[in-house]
Amino acid sequence: MSDDLARILTARGYRLTAARRVILDTLSESGEHLTADELTEQVRQRSTAIGRMTVYRTLDLLCDLGLMRPVYQGTGAAHYVLMRDGHHHHLICTGCGRVVEFDECALDEAHEKIARRFGFEVEGHLLEFYGVCEVCRSKAAAN
Ligand SMILES: [Zn+2]
Ligand SMILES: [Zn+2]
Ligand SMILES: [Zn+2]
C-alpha cells in the first residue's frame, strides 16, 4: 500500500522525501484509522527528525490528492482513513461503537446517476452504514 501511495505521489509530481517515505510506511503498517496526533507519535518513534508540522502537511497533501479522508466520529479529533481505489466503507455499531471494514461496493451505478444529475465528476466516496452489530443484537435478544 505504501508503494501505491508513493507511486501516486511521484506520478503527480511530488518528491518522495525521506520524511514522506516514513510517513507513508507508518500509515500502511499501522492500520487505517489514526488521528493526526497518533500518526505523529508513531512517525516520531521511527524518526525523531520528523516534526509534527511535516506530518500534518503530508496528511493535508494526501487528503488533497484524494488518497485519504478525515472521518469525524462524535466530538473527538478526526481519524484519517486510506481511500483504497477511491473508496472506503464502514459498518458502525451504534451500540458498542465497533467499526467493521468491508470491501464490497455496489455504488458504481449510483455514482454515475448522481454525477450526471449534478454535472459532477465523482472521484471517490466514504460510505458509512449505521446499525447494531451481531454481539449487541444477541445481547439485546438475551435480555
Ligand atoms: Zn455493537
Ligand atoms: Zn475504515
Ligand atoms: Zn465503494
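Ligands are counted one by one from 1 in listed order, and the atoms in each one are counted from 1 as well. Just the heavy atoms: all of them, side chains too, but no hydrogens, waters or symmetry mates, feed the values below. All residue numbers refer to positions in the sequence shown, counting from 1.
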Visitor: I'd like to know if the Zn ion (ligand 3) has an N/O/S atom from His125 within less than 2.8 Å of it, counting both backbone and side-chain atoms.
Guide: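 Short answer: yes, at least one N, O or S atom is under the cut-off.
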
Visitor: Would you tell me whether His89 and Glu104 have side-chain atoms, one donor and one acceptor, within less than 3.5 Å of each other?
Guide: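 No donor-acceptor contact under 3.5 Å links the two side chains.
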
Visitor: Looking at the Zn ion (ligand 2), is one of the N, O or S atoms of His89 less than 2.8 Å from it?
Guide: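 Under 2.8 Å: His89 has no N, O or S contact with the Zn ion (ligand 2).
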
Visitor: Measure from the side-chain N and O atoms of Arg20 to the backbone N and O of Arg15, and report whether any donor-acceptor pair falls under 3.5 Å.
Guide: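 At least one qualifying donor-acceptor pair exists.
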
Visitor: Roughly, to 10 degrees, what angle do Glu101 atom OE1 and His88 atom NE2 form around the Zn ion (ligand 2)?
Guide: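 Approximately 80° at the metal, rounded to tens of degrees.
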
Visitor: Could you enumerate the protein N, O or S atoms under 2.8 Å from the Zn ion (ligand 1), written like residue then atom name?
Guide: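 Those protein N, O or S atoms (cut-off: under 2.8 Å from the Zn ion (ligand 1)) are Cys93 SG, Cys96 SG, Cys133 SG, Cys136 SG.
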
Visitor: Residues in side chain to side chain donor-acceptor pair (under 3.5 Å) with Arg44, at least two apart?
Guide: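 Scan of Arg44 (side chain to side chain donor-acceptor pair (under 3.5 Å), adjacent residues dropped) gives none.
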
Visitor: I'd like the atom name of the N/O/S atom in His90 lying closest to the Zn ion (ligand 2).
Guide: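 Going by distance to the Zn ion (ligand 2), the closest N, O or S atom in His90 is NE2.
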
Visitor: Classify the angle between the aromatic ring planes of His90 and His33 as parallel (below 30°), tilted (30 to 60°) or perpendicular (above 60°).
Guide: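 Answer is perpendicular, since the angle exceeds 60°.
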
Visitor: Please give the atom name: the N, O or S atom of His87 nearest to the Zn ion (ligand 3).
Guide: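 It is ND1, the N, O or S atom of His87 closest to the Zn ion (ligand 3).
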
Visitor: Could you tell me whether Arg7 and Asp4 have a side-chain N and a carboxylate O separated by less than 4.0 Å?
Guide: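 Yes, this pair counts.
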
Visitor: Does the pair Arg46/Glu29 count as a salt bridge with the N-to-O cut at 4.0 Å?
Guide: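 Answer for the salt bridge query: yes.
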
Visitor: Taking the inter-plane angle between the rings of His125 and His111 on a 0 to 90° scale, is it parallel (under 30°), tilted (30 to 60°) or perpendicular (over 60°)?
Guide: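 Because their plane-to-plane angle is over 60°, the rings of His125 and His111 count as perpendicular.
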
Visitor: State whether the side chain of Thr94 and the backbone N or O of Gly131 hold a donor-acceptor pair below 3.5 Å, judged by distance alone.
Guide: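 Yes, because the side chain of Thr94 sits within donor-acceptor range (under 3.5 Å) of the backbone of Gly131.
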
